[in-house]
Amino acid sequence: MNMKHLQLECLTPADITAALQQRSLIYMPLGTTEWHSYHLPVGFDGLCAHKLCLLSAAQTGGLVMPPLYFGTGGGHGHFPWTIMPSQEKIGGLLETALERLRDFGVKQVVLYSGHFPHEQVNLIQTLAQTFSDPVFRVDALAPSLAKDSLPVAGDHAALFETALMLGIAPEHVFLKNLPTVTEAPDVAETRMSDVSHPLYGISGPDPREMPETLPKELSEAMLKWIVAQVNR
Ligand SMILES: [Zn+2]
């Protein structure tokens, strides 16, 4: 599905004005650059956030900014291919973006973070509170805030994240990179410390044991929750 008409970075000023006249809403998908084990790309959180925001914008109207592939928090800073700037750095950048979007007359901004440790979620919630006023609304959304509406709890590179991406953009999931459960039964205790562990860096239920219906069920529930929050 081509969604370029919803991607801000692909549009001319006239296209942007026309779209925002329909609904003055901008999505800011937030991710990070972070190790997501051997079966998921390091830009996972941003890729996932971007696709979800596009799917949501297709229903709500509004446009989607390019994803930010830097986020903060989560305690995985030492993992390979992980770049985790401080809360101050990410916060400063998001503040500048929100100030400019407000200057442009945008009425609603959705900060959707696919990276959702509490440091990052606190940051976007604080920004939403600080910036929101009667004429400029900022929503802070993340999978951890949707937990009561979802069939499984959020995790890191485990069942939840793998299923969610399988549901919206399966081309980014490489479960074949992991040995089968028979070849390498899980030893959960050493997953976060042993780089030779086939599930290194996976925090949560083993994604190799994927219920067949979960990707569709989870991604539909996630999208429904986002749309409901945006239209609330
Ligand atoms: Zn993630």
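Numbering of ligands and ligand atoms starts at 1, following listing order.
Distances from the Zn ion (ligand 1) to each N, O or S atom of E161 single out OE2 as the nearest. Note on D45: its N/O/S atom closest to the Zn ion (ligand 1) is OD1.
Ion pairing between D186 and R208 fails under the 4.0 Å rule for side-chain N and carboxylate O. A salt bridge does not link E220 with K224: every distance from a Lys NZ or Arg NE/NH1/NH2 to an Asp or Glu carboxylate oxygen is 4.0 Å or more.
For residue H115, no N/O/S atom approaches the Zn ion (ligand 1) to within less than 2.8 Å.
The aromatic rings of F136 and F131 sit perpendicular, their planes meeting at an angle over 60°, well past the 30° parallel limit.
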Check: Please walk me through it: do L199 and D206 pass side chain to side chain contact (heavy atoms under 4.5 Å, CB included)?
Finding: CA-CA 8 Å; L199 307 185; D206 191 335; 3.8 Å; yes

